[in-house]
A.B. asks: 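One structure is given below, represented as structure tokens, and several questions about it will come after.
Computed from heavy atoms alone, side chains included, the values below leave out hydrogens, waters and symmetry copies. All chains are named by letter (A, B, ...) in the order of the sequence lines, taking the proteins before the strands, and each is independently numbered beginning at 1. All values reported here derive from a predicted model rather than from experimental measurement.
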Protein chains: 2
Amino acid sequence: MKIDPNSSADLSVQIAQAIKDAIICGELIVDERLPSEAELSDHFQVSRPTVREALKRLAAQSLIRTQRGASGGAFVNRLSFEDAYAQQVTTSTLLLSMNAVSFDTACEARYALERACAPLSAQRRSADHLATMRAEIFRQGQPGLTDVAFCASDVAFHRALVDGACNPVLSYQLAGAVEAMQPLMNMITFSARDRAAITGLHTRIADAIEAGDGSAAVCGLQDLESETRKLAADVFAARAKR
Amino acid sequence: MKIDPNSSADLSVQIAQAIKDAIICGELIVDERLPSEAELSDHFQVSRPTVREALKRLAAQSLIRTQRGASGGAFVNRLSFEDAYAQQVTTSTLLLSMNAVSFDTACEARYALERACAPLSAQRRSADHLATMRAEIFRQGQPGLTDVAFCASDVAFHRALVDGACNPVLSYQLAGAVEAMQPLMNMITFSARDRAAITGLHTRIADAIEAGDGSAAVCGLQDLESETRKLAADVFAARAKR
DNA sequence: GACATTTAAAAGTCTGACATTTAAATATCT
DNA sequence: AGATATTTAAATGTCAGACTTTTAAATGTC
């Protein structure tokens with residue numbers, strides 16, 4: 001682990017990168033303890049605050065965790081699926097909100113990816129996944145449900161569908177696509193009729209998953225995509241007219 | 001933007017979270033300048049190094065950028081697709097390498113997602129995307145190509161396929177799935193015969209994309225997945241025997 | 001052997017200072 | 001007057017050293 005004293009980049013950036021590289025190339029392995037801040041500042045010939053800034057950068061990416069007290073220090077963190085999932089969701093959400101991504105573009109991506117999961121989910125879903133889907137469908141039919149709660153339930157339904165594929169990598173990759181749509185969906189007001197249409201399609205999809213019929217599930221998702229996009233188009237058109 | 005003085009969490013974590021929340025909820029908008037470090041430390045009643053650690057955490061996630069000099073400071077950063085893409089790739093790569101994800105699991109996820117892009121790509125790909133695919137196929141046939149270079153070319157081919165869908169959200173979401181496979185693929189040694197089989201399938205896929213035949217491309221990807229998994233299984237079996 | 005106490009190591013925080021960068025204000029020259 | 005050089009001030013980047021808090025391990029006591 002070395003830094004280039006002639007580089008114009010900030011020291012804390014260089015140090016963070018050096019440690020990150022060491023982790024990526026396997027020089028530092030999971031749960032291994034990094035040298036203490038004092039030792040690092042000595043090694044890189046910088047002050048402790050500078051080392052600390054570098055470590056905070058890594059901590060922000062869940063690459064390390066720190067522990068206080070005797071035998072504490074910074075440890076290489078095993079990046080868990082949960083951590084990666086959470087990162088993926090916030091990054092995707094911000095990406096969409098900051099780049100004026102159209103509803104259609106995001107929607108297309110989401111459903112294209114979900115359709116990829118459907119056949120696997122139809123084959124492998126556990127009873128639990130199916131139960132979650134049914135429970136969310138039931139919730140969506142409840143009167144007095146707010147639009148925000150309806151959208152949240154929608155996301156939960158789709159998440160169960162994706163998780164049904166029993167492939168954690170797939171679940172992780174889909175996290176952003178599914179959850180980042182929620183803020184966009186929240187901009188829509190759902191009439192009772194819209195909700196019924198959506199819930200009906202959800203039922204169709206759940207039935208297909210239950211029957212192990214992947215292609216039927218794909219068709220259901222296809223129709224749900226059309227329905228969602230039509231709905232959004234109507235809402236935006238009405239809003240533009242006003 | 002407030003922090004809870006009774007919380008047990010580190011101050012820099014709390015401050016970073018407070019600013020992050022302000023960005024997510026739109027209280028701070030893109031390119032807006034945050035208060036100076038001195039003002040922030042005054043506002044939160046903490047020292048400047050503590051504020052700086054918080055800012056470094058945010059900078060690590062590309063949520064802010066800092067600029068030195070007069071009229072410098074920290075600015076809310078527009079999260080670009082490039083930044084998000086890079087983050088996604090490193091996170092996915094680390095996730096796979098640190099969690100002993102099986103080759104099959106990662107492979108399944110990758111090809112399932114790619115098949116989702118194929119029909120869109122067949123419809124929308126530009127001449128440029130197609131040219132890239134052809135060029136990579138040509139490169140893969142060159143004698144004397146190292147295994148690592150072969151894998152890199154493979155990734156470039158698939159990236160062009162995905163980008164052909166002309167949906168930046170899709171490209172971003174696929175980044176991790178496609179690129180994170182590279183280290184896993186690099187563990188395989190490709191015989192001349194293996195390479196020919198893969199390159200042949202690539203040609204089949206490119207032909208289908210060129211013809212605008214989405215389902216043929218999906219079939220090609222299906223076969224490529226089988227081929228890849230078979231190949232990997234053979235390599236691992238041979239290695240286990242030794 | 002079980003429990004309480006001490007101790008030391010490490011991260012977390014603070015204060016205050018200095019260095020460096022950079023844009024804007026000011027001064028100077030043509 | 002306008003262009004160019006200089007100064008200035010504000011902001012981040014860096015440093016040094018001290019103090020606080022947490023925590024596990026060593027030590028001591030019953």
Side-chain angles (χ1 to χ4, degrees), chain A residues 1-20 22-23 28 30-77, chain B residues 1-20 23 28 31-77:
Chain A
M1 286 199 304
K2 291 250 169 68
I3 59 174
D4 174 15
N6 298 327
S7 167
S8 65
D10 291 349
L11 291 172
S12 69
V13 173
Q14 290 185 61
I15 293 168
Q17 191 60 53
I19 297 175
K20 188 173 178 176
I23 293 174
L28 290 168
V30 168
D31 291 335
E32 184 170 342
R33 185 179 170 284
L34 271 66
S36 73
E37 296 178 352
E39 288 168 321
L40 284 171
S41 62
D42 202 53
H43 173 75
F44 288 114
Q45 289 289 299
V46 299
S47 69
R48 197 157 81 92
T50 303
V51 166
R52 283 181 59 80
E53 286 180 12
L55 294 179
K56 294 315 149 203
R57 296 183 119 98
L58 299 175
Q61 299 173 276
S62 308
L63 262 69
I64 62 168
R65 60 176 187 280
T66 56
Q67 205 175 346
R68 293 174 73 165
S71 75
F75 297 82
V76 177
N77 197 28
Chain B
M1 288 199 300
K2 292 247 168 72
I3 59 174
D4 174 14
N6 299 327
S7 166
S8 67
D10 291 349
L11 291 172
S12 69
V13 172
Q14 290 185 60
I15 293 168
Q17 191 60 53
I19 298 174
K20 189 172 178 177
I23 293 174
L28 291 167
D31 291 336
E32 183 170 341
R33 185 178 170 283
L34 270 66
S36 73
E37 296 178 354
E39 288 168 320
L40 285 172
S41 61
D42 202 53
H43 173 74
F44 289 115
Q45 288 288 300
V46 299
S47 70
R48 196 157 80 92
T50 302
V51 166
R52 282 180 59 80
E53 286 180 13
L55 293 178
K56 295 314 149 201
R57 295 185 121 97
L58 299 175
Q61 299 174 276
S62 308
L63 263 71
I64 61 169
R65 61 177 185 278
T66 55
Q67 206 174 347
R68 291 175 74 166
S71 75
F75 297 81
V76 178
N77 198 29

A.B. asks: Test side-chain contact (heavy atoms from CB on, under 4.5 Å) on A/R65 and A/D31 and set out the steps.
C.D. replies: CA-CA 9 Å; A/R65 60 176 187 280; A/D31 291 335; 3.0 Å; yes
A.B. asks: Could you pull out the closest heavy-atom pair between A/A18 and A/I3, with the gap in Å?
C.D. replies: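 Minimum heavy-atom separation between A/A18 and A/I3: CB-CG2, 4.4 Å.
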A.B. asks: For A/I15 and D/dC15, what is the distance between atoms CD1 and P respectively, to the nearest whole Å?
C.D. replies: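 Interatomic distance, CD1 of A/I15 to P of D/dC15: 8 Å.
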A.B. asks: Could you write out each protein N or O paired with an N or O of nucleotides 3-9 of chain C at a distance under 3.5 Å?
C.D. replies:
unit_1	atom_1	unit_2	atom_2	d
C/dA9	N3	A/A70	N	3.4

A.B. asks: Are B/R57 and B/D10 within salt-bridge range, i.e. N to O under 4.0 Å?
C.D. replies: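 Looking at B/R57 and B/D10, the cut-off is not met.
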A.B. asks: Give the dot-bracket line for DNA chain D from 5' end to 3' end: parentheses for intra-strand Watson-Crick or G-U pairs under 3.5 Å, square brackets for crossings, | for inter-strand pairing, dots for unpaired.
C.D. replies: ||||||||||||||||||||||||||||||
A.B. asks: Identify all pairs in which a protein N or O lies below 3.5 Å from an N or O of nucleotides 12-18 of chain C, and state each distance.
C.D. replies:
unit_1	atom_1	unit_2	atom_2	d
C/dG12	OP1	A/T66	OG1	3.2
C/dG12	OP1	B/D10	OD2	3.1
C/dG12	OP2	A/R52	NH1	3.0
C/dG12	OP2	A/K56	NZ	2.9
C/dG12	N7	A/R48	NH2	3.4
C/dG12	O6	A/R48	NH2	2.7
C/dT13	OP1	B/L11	N	2.7
C/dT13	O4	A/R48	NH2	3.2
C/dC14	OP2	B/S47	N	3.0
C/dC14	OP2	B/S47	OG	3.1
C/dC14	OP2	B/T50	OG1	2.8
C/dA17	N6	B/R48	NH2	3.4

A.B. asks: Taking CZ from B/F75 and C1' from C/dA23, how many angstroms apart are they, rounded to a whole number?
C.D. replies: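 In whole Å, C/dA23 C1' and B/F75 CZ are 11 Å from each other.
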A.B. asks: Assess the residue pair A/L55 and A/I64 against the criterion (side-chain contact (heavy atoms from CB on, under 4.5 Å)); give the C-alpha distance rounded to whole Å, side-chain angles, the decisive distance to 0.1 Å, and a yes or no.
C.D. replies: CA-CA 8 Å; A/L55 294 179; A/I64 62 168; 3.9 Å; yes
A.B. asks: Verify salt bridge (charged side-chain N to carboxylate O under 4.0 Å, His left out) between B/D42 and B/R48, making sure each step is shown before the conclusion.
C.D. replies: CA-CA 9 Å; B/D42 202 53; B/R48 196 157 80 92; over 6 Å; no
A.B. asks: Can a side-chain donor-acceptor contact be found between B/S36 and B/E39 if the only test is distance below 3.5 angstrom?
C.D. replies: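 B/S36 and B/E39 do have a side-chain donor-acceptor pair below 3.5 Å.
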A.B. asks: To the nearest Å, give me how far apart CD (A/E39) and C1' (C/dA10) are.
C.D. replies: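 So the two atoms are 10 Å apart, to the nearest Å.
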A.B. asks: Please confirm whether the backbone N or O of A/G72 pairs with a side-chain atom of A/R33, one donor and one acceptor, at under 3.5 Å?
C.D. replies: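 Yes: the side chain of A/R33 pairs with the backbone of A/G72.
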A.B. asks: Does A/A9 offer a backbone N or O that forms a donor-acceptor pair with the side chain of A/Q14 under 3.5 Å?
C.D. replies: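 A pair under 3.5 Å: yes.
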A.B. asks: Provide the closest heavy-atom pair for A/S12 versus A/T50 in the form atom of the first, atom of the second, distance.
C.D. replies: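 Nearest pair, atom of A/S12 first, then A/T50: CB-O, 3.7 Å.
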A.B. asks: Quick one: does A/H43's side chain have a donor or acceptor within less than 3.5 Å of a partner on A/P35's backbone?
C.D. replies: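 A pair under 3.5 Å: no.
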